[in-house]
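The analysis underlying the following values was restricted to heavy atoms, covering all of them including side chains, and did not include hydrogens, waters or symmetry mates. The first residue of the sequence shown is numbered 1, and numbering continues consecutively from there. None of these values were measured; they are calculated from a predicted model.
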Amino acid sequence: MLSLIWKDLIIQKRSWLTVVFLPVFMLIAFSNEPEAAYVAGALAVTYVLIAGACVYDDKNNSAVLWCSLPIPRRTIVLGKYFAALIFMVVGIVIVAIYGIVLQSFSLPILTVKDISGIFFTTASFMALYFPIYFKFGYAKSRYFSIIIYVLMFMSPKLAIEQFKNNPNLLAWLQSMRAGLLVALVAVLLLIISYFISVVIYQNKDI
């Protein structure tokens, strides 16, 4: 599985320039709503890197190669999920660095609450996208990925606007307990999504 993860990392040569500079535009655009800014920036990084890895596999027909080797298909699926989680960590690191640099734009430093929001939003994207990807491949699923990305991209901003009308709910959502609950829900979504993807991929004729 480490080889699968490493492969998804080293093929990103053309994506690194994009992921380094893309978050700064997100953070500036959402600077008046820091929670949404960090989520949008980290999600954009994760999306670009996931798309890059999937495009590479599609162009090079990597599924045929990996499935011809004595590697269980569930391991191939798990490799994609772990690689995506690493992409998310990369996104978090990048937005955290920019958050420090852009404090002059009144953007606060990244907090644990922000990280839990990033994790939930990114995990939701992964949970929705990967079963579709393993079912149809990148070429047929790329439009779904764009739709899911836009929905996840807009969700923090929309949620914050709704919660501002309910101060008690907003205060609870900003608590550590809420952050842990959100993280647990995200993990559950990923687990469910993984097993769905495994069933789909094992039954797929490659």
### Polar side-chain atom of Asp58 near backbone of Cys54 as donor-acceptor pair, under 3.5 Å
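No, the answer is negative, given that no donor and acceptor are paired below the 3.5 Å cut-off.
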Would [X] and [Y] show up in the same hydrophobic cluster when neighbours are defined by side-chain heavy atoms closer than 4.5 Å?
X: Val199; Y: Leu189; value: no
X: Phe25; Y: Ile118; value: yes
X: Tyr143; Y: Val55; value: no

Heavy atoms only: give me the nearest [X]-[Y] pair and the separation to one decimal.
X: Val24; Y: Phe21; answer: CG1-O, 2.8 Å
X: Ile200; Y: Pro131; answer: CD1-O, 3.6 Å
X: Ala42; Y: Val95; answer: N-CG1, 3.5 Å
X: Pro23; Y: Val45; answer: CG-CG2, 3.3 Å

Please enumerate all residues that pass side chain to side chain contact (heavy atoms under 4.5 Å, CB included) together with [X], with sequence neighbours excluded.
X: Leu188; result: Ile192
X: Val89; result: Val93
X: Ile147; result: Leu151
X: Ile115; result: Ile92, Leu110

### Message
Just to verify, which of Ser197, Ser193, Ser145 counts as forming a side chain to side chain contact (heavy atoms under 4.5 Å, CB included) with Tyr129?
### Response
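Checked Ser197, Ser193, Ser145 against Tyr129; only one passes side chain to side chain contact (heavy atoms under 4.5 Å, CB included): Ser145.
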### Query
Does any pair with a residue in residues 83-100 pass side-chain hydrogen bond (donor to acceptor under 3.5 Å, both in side chains), and if so which ones, sequence neighbours excluded?
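Listed once each, the pairs would be none.
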Output a table of donor-acceptor pairs, distance under 3.5 Å, between side-chain atoms of residues 133-142 and any protein atom two or more places apart or on a different chain; print 'none' if there are none.
residue: Ser141; atom: OG; partner: Gly137; partner atom: O; Å: 2.6
residue: Ser141; atom: OG; partner: Tyr138; partner atom: O; Å: 3.4
residue: Arg142; atom: NH1; partner: Ala139; partner atom: O; Å: 2.4

### Task
Quick one: pull up CZ in Phe144 and CD1 in Ile146 and give me the separation to the nearest 0.5 Å.
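Output value for this atom pair is 11.5 Å.
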### Task
Measure the CE-CG distance between Met126 and Leu190 for me, rounded to the nearest 0.5 Å.
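Atom-to-atom, Met126:CE and Leu190:CG are 5.0 Å apart.
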Check whether any side-chain heavy atom of [X] lies under 4.5 Å from a side-chain heavy atom of [Y], and answer yes or no.
X: Phe120; Y: Val39; result: no
X: Leu128; Y: Ile132; result: no
X: Tyr81; Y: Leu85; result: no

### Query
What pairs with Thr122 under side chain to side chain donor-acceptor pair (under 3.5 Å), at least two apart in sequence or on another chain?
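Result, side chain to side chain donor-acceptor pair (under 3.5 Å) vs Thr122: none returned.
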### Message
Using the side chain to side chain donor-acceptor pair (under 3.5 Å) criterion, which residues pair with Ser124? Sequence neighbours excluded.
### Response
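Side chain to side chain donor-acceptor pair (under 3.5 Å) list for Ser124, sorted by chain: empty.
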### Query
Who passes ring-ring contact (aromatic ring centres under 6.0 Å, His included) against Tyr47, sequence neighbours left out?
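Tyr47: ring-ring contact (aromatic ring centres under 6.0 Å, His included) contacts with Phe125, Tyr149.
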### Query
Quick one: salt bridge (Lys or Arg N to Asp or Glu O under 4.0 Å) pairs with a partner in residues 74-100, sequence neighbours left out?
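Matches after skipping sequence neighbours: Asp8-Lys80, Asp57-Lys80.
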### Task
Show your working on side chain to side chain contact (heavy atoms under 4.5 Å, CB included) between Gln202 and Val77 and close with a plain yes or no.
CA-CA 10 Å; Gln202 285 181 335; Val77 174; over 6 Å; no
